[in-house]
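Notes to accompany the following structure.
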Amino acid sequence: MATDGPITDPLLVTVLDTSRAAREQAVVLIDRIQEAFDAAGNGPLPLEAQAEISKQQKLLNTNIAQLRGLHRSAHFKARETKGQTAEARREVDVLHLQLQNLYYEQRHLEGEIAACESFEHTYQKLPLIPVEEFLALHPEHADDDENDLMVARINHERTEREALEQQRVELQKRKQKLIADNKKRRDDLANLDKDLEKFIDAAKPIQKLFEKVV
């Protein structure tokens with residue numbers, strides 16, 4: 001028997017249909033009993049009426065037994081569905097927490113990206129030669145994009161500084177050599193002065209002797 005309403009679960013539909021059938025069977029049984037007593041009056045119920053009442057009662061018992069089984073099955077299914085719903089709710093809570101963590105990580109990464117984009121890199125403070133001057137020296141980079149052009153300018157600056165550093169090192173070596181040579185000359189002059197003083201001191205007796213002869 002069909003049923004109206006929003007209930008679509010097959011088991012619950014069967015329960016409702018069986019319940020309706022049991023109710024209708026109960027009404028039929030009551031009507032048969034009432035008719036039998038009305039027909040018998042104060043006398044005993046005819047065997048035919050008793051048989052009909054017994055038949056209707058058996059049908060009612062069958063519907064009630066079926067209804068109890070269906071009710072038990074519906075109860076177990078409802079409990080199972082409740083457990084499944086709780087498990088699904090826990091999974092949803094876990095997914096919601098994961099989603100919140102992803103939102104937090106996304107905001108963190110967006111902040112990091114913004115910080116990187118606004119960060120003043122060291123290369124931006126390098127005293128590079130102007131772009132026009134660099135391109136005049138290296139026209140092969142005229143079609144480079146902004147990033148490649150900056151890399152080429154930095155490499156040029158590094159090469160120039162390495163060359164200047166090499167020159168500085170060579171000049172420093174020459175300076176140290178000149179200092180060493182000057183020190184050696186000063187030491188030689190100092191030794192020569194000492195030798196002259198010794199020579200003069202040694203020559204004083206001879207000078208006095210010549211003075212006496214003259």
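Heads up: numbering here begins at 1 and tracks the sequence. Given the structure is predicted, the values throughout are model-derived calculations rather than measurements. FYI, side chains are in, hydrogens and waters are out, and symmetry mates aren't considered; it's all heavy atoms of this structure.
Classification of Arg90 and Glu87 as a salt-bridged pair holds, one side-chain N sitting under 4.0 Å from a carboxylate O. For Lys184 and Asp188, the salt-bridge test passes: some basic side-chain N is under 4.0 Å from an acidic carboxylate O.
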Under 3.5 Å, sequence neighbours excluded: what are the donor-acceptor pairs made by side chains of residues 59-68?
| from | atom 1 | to | atom 2 | distance (Å) |
| --- | --- | --- | --- | --- |
| Asn61 | ND2 | Gln57 | O | 3.3 |
| Thr62 | OG1 | Lys58 | O | 2.9 |
| Asn63 | ND2 | Leu59 | O | 3.4 |

Distance-only criterion, 3.5 Å: show the donor-acceptor pairs between side-chain atoms of residues 157-167 and protein atoms not counting sequence neighbours.
| from | atom 1 | to | atom 2 | distance (Å) |
| --- | --- | --- | --- | --- |
| Glu157 | OE2 | Arg161 | NE | 2.9 |
| Thr159 | OG1 | Asn155 | O | 2.9 |
| Glu165 | OE1 | Arg168 | NE | 3.1 |
| Glu165 | OE2 | Arg168 | NE | 3.4 |
| Glu165 | OE2 | Arg168 | NH2 | 2.7 |
| Gln166 | NE2 | Glu170 | OE2 | 3.2 |

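When all heavy atoms are compared, the tightest approach of Ile53 to Leu29 is O-CD1, 3.5 Å.
The backbone N or O of Gln56 sits less than 3.5 Å from a side-chain atom of Gln25, completing a donor-acceptor pair.
Listed by first and then second residue, the ring pair (Phe, Tyr, Trp, His ring centres under 6.0 Å) pairs involving residues 79-115 amount to none (not counting sequence neighbours). Sorted by first and then second residue, the ring pair (Phe, Tyr, Trp, His ring centres under 6.0 Å) pairs involving residues 160-184 (not counting sequence neighbours) form an empty list.
Within 6.0 Å of CD on Glu146 lie no more than 12 heavy atoms contributed by other residues, nucleotides or ligands. At most 12 non-hydrogen atoms from other residues, nucleotides or ligands lie less than 6.0 angstrom from CD of Glu105.
Interatomic distance, NZ of Lys194 versus CG of Leu192, reported as 11.5 Å (0.5 Å rounding). A distance of 12.0 Å separates CD1 of Ile30 from CD of Glu35, quoted to the nearest 0.5 Å.
The shortest side-chain heavy-atom distance between His156 and Leu128 does not fall under the 4.5 Å cut-off. The shortest side-chain heavy-atom distance between Leu47 and Gln50 falls under the 4.5 Å cut-off. By the 4.5 Å heavy-atom criterion applied to side chains, Asp93 and Leu97 are not counted as neighbours.
For Asn182, the side chain to side chain contact (heavy atoms under 4.5 Å, CB included) partners are Arg185, Arg186, not counting sequence neighbours.
Annotation for Phe134: hydrophobic cluster partners, listed by chain and number, are Ile129, Val131, Leu135, Leu137, Leu149 (ILVMFWY side-chain heavy atoms under 4.5 Å, direct or chained).
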